[in-house]
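Data block below; observations after.
Note: hydrogens, waters and symmetry copies are ignored here, and every other heavy atom, side chains too, is used. In this chain, residues are counted from 1 in sequence order.
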Amino acid sequence: MHIRLRTKLINRLNRIYRKTLSEEWIEEFLQFVEERKNPTPKQRPLWDERKVVLITYGDVVKQKGEAPLETLRKFANEHFRGCISTIHILPFFPYSSDDGFSVMDFYKINPELGDWSNIEALEKDFLLMADLVANHASSKGVWFKQFLNQEEPGKNYFFVPPEDFDTSKVIRPRSSPLLSTYDTVDGPKRVWTTFSADQVDLNYANPEVLKEMLNVFLFYLSKGIRVIRLDAIAFLWKASGLESMHEQETHEIVSLFREIMDYCYPGALLLTETNVPHRENITYFGLGDEAHLIYQFALPPLILHALHTGNGGYLTRWAKELNDPQKGMTYLNFTSSHDGIGVRPLEGVMPDDEKMKMVEKLKDFGARVTTRQLGDKHVPYEINVTFYDALKGTKNGEDEFQNERFLQSQTIMLSLQGVPAFYFLNLLGIENDNEGLTRTGVNRSINRRKFTNEELKGMLKGNSRYKAILKELIHRTGIRRNLEAFSPNTQQLVLELGDSVFAILRKADQMEKSVVCLFNLTAQTQQLSLPPGLMEFSRDLITRTLHSTEELELKPYQSMWLITRFIT
């Protein structure tokens, strides 16, 4: 290990643990890292315009007699090849709740999904992303059983706050109790549970926990995973009298993981999951030494608001204020995922009354609302709905433009600076799973539908709506993948053409390769012209039609990608 990296890691550890670690422990830690260095690293480009992510559960599609991970591999190859480069498989480990995010054993594959050979087979066809559920572990898992019996190593793996620990300023993502009591061999203990009583927070004040989770992290990388998503990372470090969110020690830990990843598996990527207001979210870029990628959590609700109101003012202002990330950093753009559509990211971006109008209207389209505790109140935290059904209508109610609005929402996401990511259900335009919601009683189930292989193939036959949406999204993604203007590294300039239209210029190094992206956010035809000197004539790559940029006409919810060179 180079002396410079060695010094950086020691300094990080000393800042996290306030110089309380022994020299012997630190030396053992450094040796631990060295022993896990990949001897034959495969360098791959960080990202380019061809990188597109699929977010999915490992068992989203099932075939009788076959491991779901293998069925997923076959289905993705048959239907998404040439569209998707990377698959984010949501937690595929043994779990006890939250559809995988309450991990019982971090080193094993859930046998109901397959085994490590299935992951290795997928890795040959796609880049893979996996979750490091860093903040907590299952109350029914290996480590917590050791905690209950006060056995090593899990004996001190979970956070039991001292009696005088001040929790008055703690920021909560849930309305469930912060502390849960469990009976151990030493009597009852109150343990920190940020998300639920089945998801018990790990104690990073114990350096052995940090080392254990780093071992899990490097184990995933050794299995061919090349993007690691740090789940719920903002809540990692607990501090008496403080918010216990985004604490400096948490940022130091993220940086430590990043530096060790860059050393042991150069070319691998780190993504942080922090569903918080934008100004807090971007702090996880650090000084270029934390995440390679961060989610654009404000994007989904901003797109919804623009298409519900026909007014893109808030979306335009937010996009204008985005800074071009430094080299080696970019955004992950998405419209929905396995979780709901967070509303906290709108803090400081949209007034509360506008946000609440949208939340209330979405209830008319079948949405549920999950709350969090704020003082003595319960306030909206996320909207639970499929993105397709969230666009059934506008603030005026349902109408006939649902498909057009939905396709536009995904095209806006594809157009913005960063790496685009589709949730599996969005590639087909899937409706709310009300049966699943009734069956589980869990709001998030509305957007977590699973299918049989036969069922999905039936849905994609003939002239079905699902087939048409998938075909069009593959078409638009295919165009994007062949234009350097859509590289995450190219500049993004927001054009102000009125609140009814969202417009950006993706500026390539050569101006003739740049793309102007236009979106009519309304149900009315819009007439507009581009700023003088930007383009004299252009071709819309989506419809392959030629336009004069002095007299552009956009049909209701039409999207255009305009370029001055011809694509043959």
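In the displayed structure, Asp364 atom CG is contacted under 6.0 Å by more than 12 heavy atoms of other residues, nucleotides or ligands. The number of heavy atoms from other shown groups lying within 6.0 Å of CD (Glu398) is above 12.
Side-chain contact between Val369 and Val343 is absent, with no heavy-atom pair separated by less than 4.5 Å. No side-chain heavy atom of Asp433 sits under 4.5 Å from any side-chain heavy atom of Arg448.
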Enumerate donor-acceptor pairs with a distance under 3.5 Å from any side-chain N or O in residues 469-478 to protein atoms, sequence neighbours excluded.
residue: Glu472; atom: OE2; partner: Arg476; partner atom: NE; Å: 2.8
residue: Glu472; atom: OE2; partner: Arg476; partner atom: NH2; Å: 3.3
residue: His475; atom: NE2; partner: Ile542; partner atom: O; Å: 3.0
residue: Arg476; atom: NH1; partner: Thr411; partner atom: OG1; Å: 2.7
residue: Thr477; atom: OG1; partner: Leu473; partner atom: O; Å: 2.7

Please tabulate, for the side chains in residues 321-329, all donor-acceptor contacts under 3.5 angstrom to protein atoms that are two or more places apart in sequence or on a different chain.
residue: Asp324; atom: OD1; partner: Gln417; partner atom: NE2; Å: 3.3

For residues 264-277, run the donor-acceptor check on the side chains, cut-off 3.5 Å, and write out each pair with its distance to 0.1 Å, sequence neighbours left out.
residue: Glu273; atom: OE1; partner: Ala232; partner atom: N; Å: 2.7
residue: Thr274; atom: OG1; partner: Asn281; partner atom: OD1; Å: 2.5

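For Gln527, the side-chain contact (heavy atoms from CB on, under 4.5 Å) partners at least two apart in sequence or on another chain are Thr525, Glu553. For the ring pair (Phe, Tyr, Trp, His ring centres under 6.0 Å) test, residues two or more places apart in sequence or in another chain that qualify with Tyr314 are His305. Under the side-chain contact (heavy atoms from CB on, under 4.5 Å) criterion, Gln63 pairs with Glu66, Thr71, Asn453, sequence neighbours left out.
Ser559 approaches Asp540 most closely through the heavy-atom pair O-OD2, 4.2 Å. Residues Thr386 and Asn432 share a closest heavy-atom pair of N-OD1, 3.0 Å.
Judged by a 6.0 Å distance limit and a 45° cone about the ring axis, Arg506 is not positioned over the six-membered ring of Phe486. With Tyr57 as the aromatic partner, Lys450 meets the cation-pi criteria of under 6.0 angstrom to the ring centre and within 45 degrees of the ring axis.
The distance between the ring centers of His292 and Tyr284 does not fall below 6.0 angstrom. The ring of Phe285 has its center closer than 6.0 angstrom to the ring center of Tyr331.
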- Please report the C-alpha distance between Asp499 and Thr316 in whole Å, then the side-chain angles of each, then the deciding distance to 0.1 Å, and finally whether the side-chain hydrogen bond (donor to acceptor under 3.5 Å, both in side chains) criterion is met. CA-CA 8 Å; Asp499 287 343; Thr316 294; 5.8 Å; no

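A donor-acceptor pair is defined here as one N or O able to donate and one able to accept, closer than 3.5 Å; no such pair exists between the side chain of Arg344 and the backbone of Tyr381.
Phe75 and Phe424 have tilted rings, their planes meeting at an angle from 30° to 60° on a 0 to 90° scale.
Lys64 and Glu454 are not joined by a salt bridge, as no carboxylate oxygen comes within less than 4.0 angstrom of a charged side-chain nitrogen.
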